[in-house]
Amino acid sequence: MVQDLFGGSARPLVRVLLPVAVAEPYTYRVPEGMAPGLGSIVRVPLGPREVIGVVWAVDVATPVSPGRLKDLLHHYDQAPPLDDALRALIDWVANWTLASPGMVLRMVLRSEEALEPEAPVPGVRRIEAAPPPERLTAARKRVLDTMEDGFAWSKSGLAHAAGVSASVIDGLIAHEVLEVVQMPAVPPVPAPDPDWAPPTLTAAQQVAADRLVKAASGGFQTFLIDGVTGSGKTEVYFEAVAAALRAGRQALILIPEIALTSAFLERFERRFAARPAEWHSEISPKQRARVWRGVATGDVRVVVGARSALFLPFRELGLIVVDEEHDGAYKQDDRVPYNARDMAVVRGHLTGFPVILASATPSVESQVNAEAGRYQRLELPERALGANMPEIVAIDMRQDGPERGQWLAPTLRRAIAEALADGAQSLLFLNRRGYAPLTLCRSCGHRFQCPNCSTWLIEHRFRGQLACHHCGHVEPSPDHCPSCGGTDSLVPCGPGVERIAEEAGDLFPDARVLVLSSDLPGGAERMKREMKVIEEGGADIVVGTQLVAKGHNFPLMRLVGVVDADLGLANGDPRAAERTFQLLAQVTGRAGRISGQGHGMLQTYAPEHPVIRALARDDRAAFYRAEIAARRAAHLPPFGRMAALIISGQDKAAAAAHARALALCAPRDPALTVLGPAEAALALVRGRHRFRLLAMTPRATDLQGLLRAWLKQAPKPRGSVRLQVDVDPQSFL
DNA sequence: AGCACGCCGACT
DNA sequence: GTCGGCGTGCTC
């Protein structure tokens, strides 16, 4: 207690971080009888409303005039405080992403409900002293028989178990045979058993698993499990999870897609006899609160979740696994722009536990980190179960292309025919939805364009529509040209999956052809059904977009034909080659995954491109060598830093002035090249409200410092300014 | 006049 | 992030 000038006792002050986009924590008075410590979760007044926040510093001097100070409203003393390591992570991530710490805290405090203990569930129990009811009907007898064990039951659970309706139970309560009691809330998930079903591992898997198990009880270390499709990475890191559990620690497994969780959870259950807790954007508020609470108290031992699970308040986290670490879904682009893969490594470093990254096609960043010795590489070069990797060949479309208006090369057609003859499945992969990406008028040259965007409209023949894949605009398919009025003059240009399916149907009229594309009517349910149909051999030829690349195993798939392997290589994204390589490796890896009898064909006009050559020669190392050299030469990530300054708002003149300011400050650093102010200015002239500047420098600290200083001194434009830095932080740990 | 909307600054 | 205040412009 501090004596103030007037001899009265001044209340101690604390700084509270609020889930609000302000630069620093705010100061509040601690009222009598409240004793929050570092990390305590509190409720405070903020302007006209109340918000929750976390105590970031205690016993501080007031930075604002005492007259403005307000009192803490409440201390959530039932909720465990955020520990030092988690608070350090919040500050670290805020500093790294240039977001306000409050916005990072917001990702931690995702469930206000979780701060109060879970309300007990009302249940019913037999009143022991009470005799059976006078009229013991069959239904009533079933209820009492079910309750022989003497335990309390939930009403609905009891009704279900006894096969009666809830009114029978209400009747027994009214007759004072049963009483209503408060049952403690059920734990969110049962505890997993690390020794339930240990797998039989191959020699290579065993070597990797042994190293992980050894590291599991130790401090920070990052592993990269670099294993081909089907090599059994999951079994290997499950052993690390088991070791963490045995050591009394919690484990977190991050996976990229929500859509894949259910299959993954089942797999986990087979190994550990219990489902892990689930965490992603779709879970119900109640379950979210349960998992959050359970993670904080230690009742939940393993969480499987999407990137946001990284910010859960684990009590004794001892391992993070990042599965498919190369996946773009780990990046968040809005609010706090972070990559959960990198922040997982940061969390492991701050708390002191191992982190495992796993992929069949690791990101270039992780390959470089492994080469530099920052990550321990664990290689699984062969498929488990003795299956062979598919043989991949490139088809040079300049020499072996089909006739005009057709898209499947003769070599690929022969391979499909062979697969059909053997009763095996083929997958034709084309990452383009719809029938044709462009519709053209042959007589006047009119091209159908989106009224909102500057892109072409994609024909969807099954639906009879033209659609814009950027904004969702749709219009009915035209029967004449709106420009010259010509009928019969409209021609579709280029293929989409629908058109490939049509061609396959024409070539093989007896084959059952099935299209898999994310825009199929019927939603997730239909998709599940279709996947099952394929799995059970109900289709001969599957034509699919990107979604066939992930998750699902097709046991009968023998041939994978990539219709346009060059698609995606040409766009200006610095990661275009890497992404294409990863996608095509994943897709062709679907072939013969179970049978070991598979092959892939890549239709290409650029057979000498490093991506195509690496895939066709089954020489992944060659791809990474070429890509790493190219990145190094161009100062691209992970050697250069790529940042995007996004200025959004209505005031074009102010935003344009900012673009010029950045362009002007760039030459001060000879290593900094600013690409894009001209494009950005152009976008502004065209009336867009957003643009990007891409800036690159070999040293991230330079770029960050430069941009931060510039953001501080520059006049604030109307609208908002957001800075996004896309850089792998390993070199700063 | 009445209000819908967008912008902007404050929030301890 | 969220709120209230305020100016602008449109409608009853």
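This is a predicted model, so every value here is computed, not measured. Reminder, nothing fancy here: chain letters follow the sequence lines and each chain counts from 1.
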- Nucleic acid contacts of residues 39-47 of chain A, taken as heavy-atom distances under 4.0 Å to DNA chain C: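 DNA chain C contact set from residues 39-47 of chain A: none.
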- For the student: nearest non-hydrogen atoms of A:Glu113 and A:Lys286, plus distance: OE2-CA, 4.0 Å
Partners passing salt bridge (charged side-chain N to carboxylate O under 4.0 Å, His left out) against [X] (at least two apart in sequence or in another chain):
X: A:Asp519; value: A:Arg433, A:Arg463
X: A:Glu112; value: A:Arg43
X: A:Glu278; value: none

- Exactly one candidate in A:Glu325, A:Gln582, A:His326 meets side chain to side chain donor-acceptor pair (under 3.5 Å) with A:Ser359; the answer is A:His326
- Task: Quick one: label A:Arg29 by what it contacts on the DNA or RNA (base, sugar-phosphate, nothing), any heavy atom closer than 4.0 Å.
- Result: nothing
- Message: I'd like to check the side chain to side chain donor-acceptor pair (under 3.5 Å) partners of A:Ser40; sequence neighbours left out, ordered by chain and number.
- Response: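 A:Ser40: side chain to side chain donor-acceptor pair (under 3.5 Å) contacts with A:His75.
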[X] [atom1] to [N] [atom2], straight-line distance once rounded to whole Å:
X: A:Arg49; N: B:dC11; atom1: CZ; atom2: C1'; result: 7 Å
X: A:Glu50; N: B:dC11; atom1: CD; atom2: C1'; result: 14 Å
X: A:Tyr28; N: B:dT12; atom1: OH; atom2: P; result: 6 Å

- Item | For chain A, the stretch of DNA chain C it reaches, first to last nucleotide, under 4.0 Å of its heavy atoms |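 Listing 5' to 3', DNA chain C meets chain A from C:dG1 to C:dC3.
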- Query: Do A:Phe314 and A:Val300 have side chains that get closer than 4.5 Å, going by heavy atoms?
  - Reply: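 A:Phe314 does not reach A:Val300 side chain to side chain.
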- Message: Donor-acceptor pair, distance only, cut-off 3.5 Å: does the side chain of A:Asn369 make one with the backbone of A:Arg374?
- Response: no
